[in-house]
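Just below is one structure, and these are the notes that go with it.
The structure displayed is predicted, hence computed values, not measured ones. One is the number of the first residue; the rest follow in order along the sequence.
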Amino acid sequence: MLSKIYNKPSFPKEINEEEDEEDTEEETQPEEKKPLQPLDIKTVKSWKPLARDYDSEVRILNDITGKRTSEGTTQDFVSLFRERYQAIRKILTTQRREISQFIPINRIKKTMVDVQLIGIVKNVKNTHNGHRLIEIEDDTGSATLMALKSNTEIMQLANEVMLDEVIGVVGKISKNKDLIIVQNIIYPDIKMHQERKRIESPLCVAFLSDVHIGSKMFMETEWNAFLRWINGDLGNSRQRDVASKLKYLVLPGDLVDGIGIYPNQEKELSISNIYDQYQALAKQFEYIPDHITILLQPGNHDAVRPAEPQPAFEKEIRDLFSGKEFIFIGNPSYFSLHGINILSYHGQSLLDYSTSIQSLNYNEPTEVMKIMLKKRHLAPTYGGYTPLAPEHEDYMLINQVPDIFVTGHVHTSSIDNYRGVILINASSWQSQTSYQKMMNFVPDSAKLPIVDLKTGNATAMDFSKTST
């Protein structure tokens with residue numbers, strides 16, 4: 001498949017959110033790979049990067065790095081869920097009029113007809129008759145709710161309910177006084193229309209997720225095309241103009257392939273030492289122009305603790321990167337570039353969401369991200385696919401609404417919008433692994449999402465059909 005592509009040289013192609021490419025051809029088993037070869041990038045005298053004339057403006061707004069408090073005690077869990085409940089209750093009561101008259105669960109009286117409650121989901125299941133049973137609790141007590149299958153709209157809302165999330169409920173007390181019949185489920189959500197921020201400077205940010213250096217499936221040819229483009233040595237005049245405005249590179253996790261992450265991974269590693277993998281990545285970054293600021297975030301393949309939120313890389317790894325401005329952030333991280341607020345999350349919980357909510361698909365990450373914004377939480381369910389650390393502050397909460405929300409992890413390229421928030425899943429630089437093949441998953445790799453901070457437009461460069 002690769003030889004078929006590379007025998008047809010072309011410049012990188014720009015794609016947008018309207019396009020959806022599929023690759024159904026099978027991959028052959030990975031061959032032995034030589035170490036990454038040195039790259040000869042030509043100096044283009046006529047190409048002058050505009051971004052060089054501007055200073056970087058990065059501000060970390062919320063990040064766990066340097067703030068870890070968890071010891072894994074029972075009290076840590078109590079603090080986490082209490083903080084989550086109080087934060088989302090505040091959003092619900094201040095922004096959702098439908099739940100403004102809520103009462104604590106222990107104040108429900110059998111003489112009441114209508115009630116409004118806010119609780120954390122303790123249990124959720126379907127009954128034999130097809131109704132949806134939801135148990136919620138607050139700091140005063142618990143209540144059992146039932147969404148009736150005859151109410152299609154309510155059942156749709158109820159089917160989106162996940163364990164450990166905080167919801168608002170409007171309901172009627174049943175005739176037997178033992179249940180609350182759900183009339184509405186209120187999610188915290190975000191405002192219908194977010195004001196899109198813009199800056200005066202002609203600068204862009206690109207999102208470079210799931211590089212997976214150290215894997216035999218690392219897409220070196222496509223990566224080299226990216227490096228040439230970013231140096232003005234590839235592309236048409238418009239594409240080179242975008243490269244000249246590029247001021248920031250954000251890497252949302254899985255910088256390297258890691259060790260022992262999936263079954264038989266060792267057979268697919270070109271670099272079997274994780275420290276050497278980071279050294280190889282640092283070497284590649286030497287080709288990136290020094291006026292570009294690079295933000296590095298860990299993912300589940302990286303050398304940090306597996307439990308989220310993940311702090312930034314330790315000093316031993318940070319010290320490998322030099323020669324330009326590197327900023328090391330945690331996962332998730334909330335930061336701003338020239339006042340444009342960005343929520344960057346590697347995205348491991350995309351799997352928890354897509355398996356808990358039937359209507360969601362793992363291959364459509366931006367649809368999952370919309371639900372995350374609707375619930376105002378990145379990973380509500382404890383004990384799922386995503387390991388969570390019980391920090392005293394819930395860093396997985398989406399307390400502030402971002403201008404740009406980016407994830408990686410699922411090796412898919414996608415650009416979308418939800419109520420004014422730009423949504424990006426930032427592709428990957430690794431072709432299909434044996435594990436992905438076993439799972440019948442075909443990655444959409446070598447795409448580079450780019451946001452113009454002046455216009456607010458989001459597009460992507462497609463390096464997947466580029467010969468260098």
Side-chain angles (χ1 to χ4, degrees), residues 1-31 33 36-37 39 41 204 206-213 215-231 233-236 238-240 242-243 246 249-255 257 268 270 281 284 287-288 347 362-366 406-416 424-434 436-437 439-451 458-468:
M1 180 187 76
L2 296 178
S3 61
K4 188 176 176 182
I5 290 174
Y6 300 145
N7 285 335
K8 298 179 181 178
S10 64
F11 286 124
K13 167 190 167 190
E14 287 186 65
I15 62 174
N16 58 37
E17 55 265 44
E18 301 297 323
E19 298 183 38
D20 183 20
E21 299 184 359
E22 291 188 6
D23 184 358
T24 56
E25 295 192 47
E26 291 188 357
E27 292 274 350
T28 57
Q29 286 299 312
E31 298 177 358
K33 269 199 174 183
L36 297 177
Q37 300 302 303
L39 182 62
I41 297 176
C204 294
F207 299 94
L208 192 76
S209 191
D210 292 81
V211 179
H212 287 276
I213 286 254
S215 167
K216 290 178 181 177
M217 275 68 69
F218 171 65
M219 301 170 76
E220 185 176 358
T221 302
E222 293 84 346
W223 176 263
N224 288 346
F226 154 70
L227 291 177
R228 285 183 170 165
W229 167 77
I230 207 172
N231 282 278
D233 188 25
L234 188 69
N236 58 34
R238 183 185 174 193
Q239 291 161 347
R240 293 185 192 206
V242 173
L246 196 61
L249 273 180
V250 178
L251 283 80
D254 284 3
L255 279 59
D257 206 42
E268 299 183 340
S270 61
L281 180 66
Q284 292 300 304
Y287 295 111
I288 293 175
Y362 192 59
N363 296 333
E364 298 174 346
T366 51
V406 60
T407 60
H409 189 59
V410 297
H411 295 213
T412 295
S413 174
S414 184
I415 297 173
D416 208 337
I424 292 172
N425 187 263
S427 191
S428 72
W429 298 84
Q430 182 186 42
S431 59
Q432 190 183 45
T433 66
S434 61
Q436 289 173 336
K437 191 171 184 179
M439 302 294 286
N440 199 29
F441 177 77
V442 180
D444 184 22
S445 303
K447 312 291 199 306
L448 183 71
I450 302 163
V451 177
T459 57
M461 294 290 291
D462 182 359
F463 295 96
S464 66
K465 295 180 174 61
T466 303
S467 174
T468 59

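- Contact check for Asn224 versus Gln37: no side-chain heavy atoms found under the 4.5 Å cut-off.
- Atom CG of Leu36 is separated from atom CD of Glu220 by 4.5 Å, given to the nearest 0.5 angstrom.
- If you take NZ on Lys437 and OG on Ser431, they are separated by 11.0 Å, rounding to the nearest 0.5 Å.
- Under the 3.5 Å distance criterion, with hydrogens and angles disregarded, a donor-acceptor pair is assigned to the side chains of Ser414 and Thr366.
- The backbone N or O of Asp233 lies less than 3.5 Å from no partner atom in the side chain of Asn231, so there is not a single donor-acceptor pair.
- Two residues are said to be in side-chain contact when any heavy atoms from C-beta on lie closer than 4.5 Å; Phe207 and Thr407 fail this criterion.
- Side-chain N or O atoms of Ser427 include one that pairs as donor or acceptor with a backbone N or O of Lys447 at under 3.5 Å.
- Of the listed residues (Val250, Leu255, Ile230, Leu448), just one forms a side-chain contact (heavy atoms from CB on, under 4.5 Å) with Leu208, and that residue is Leu448.
- The distance from atom OG of Ser464 to atom CH2 of Trp429, rounded to the nearest 0.5 Å, is 9.0 Å.
- Gly408 and Ser209 get closest at one heavy-atom pair: CA-OG, 3.3 Å.
- Among Leu281, Asp254, Asp257, the single residue meeting the side-chain contact (heavy atoms from CB on, under 4.5 Å) criterion with Ile213 is Leu281.
- Residues Glu222 and Ser445 bring no donor and acceptor atom of their side chains to less than 3.5 Å of each other.
- Judged by distance alone, the side chain of Gln432 and the main-chain N or O of Pro443 form no donor-acceptor pair under 3.5 Å.
- The closest side-chain heavy-atom distance from Gln436 to Val442 is not below 4.5 Å.
- Residues Met219 and His212 fail the side-chain proximity criterion, which asks for heavy atoms closer than 4.5 Å.
- In this model, no donor atom of one side chain and acceptor atom of the other lie less than 3.5 Å apart for Asp210 and Gln430.
- Centroid-to-centroid, the aromatic rings of Phe218 and Trp223 come within less than 6.0 Å.
- Looking at heavy atoms from C-beta onward, Thr412 lies out of side-chain contact with Tyr362 at the 4.5 angstrom threshold.
- The side-chain heavy atoms of Ile415 and Asn425, taken from C-beta on, include no pair separated by under 4.5 Å.
- Contact annotation: the side chain of Asp444 never approaches that of His411 to less than 4.5 Å [non-hydrogen atoms, C-beta and beyond].
- Note on ring orientation: taking the six-membered ring where Trp is involved, the planes of Phe463 and Phe226 are perpendicular (angle over 60°, cut-offs 30° and 60°).
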>> Apply side chain to side chain donor-acceptor pair (under 3.5 Å) to residues Ser434 and Glu268 and explain how you reach the verdict.
In response: CA-CA 8 Å; Ser434 61; Glu268 299 183 340; 2.6 Å; yes
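- Residues Leu251 and Val211 are in side-chain contact: their nearest non-hydrogen atoms beyond the backbone lie under 4.5 Å apart.
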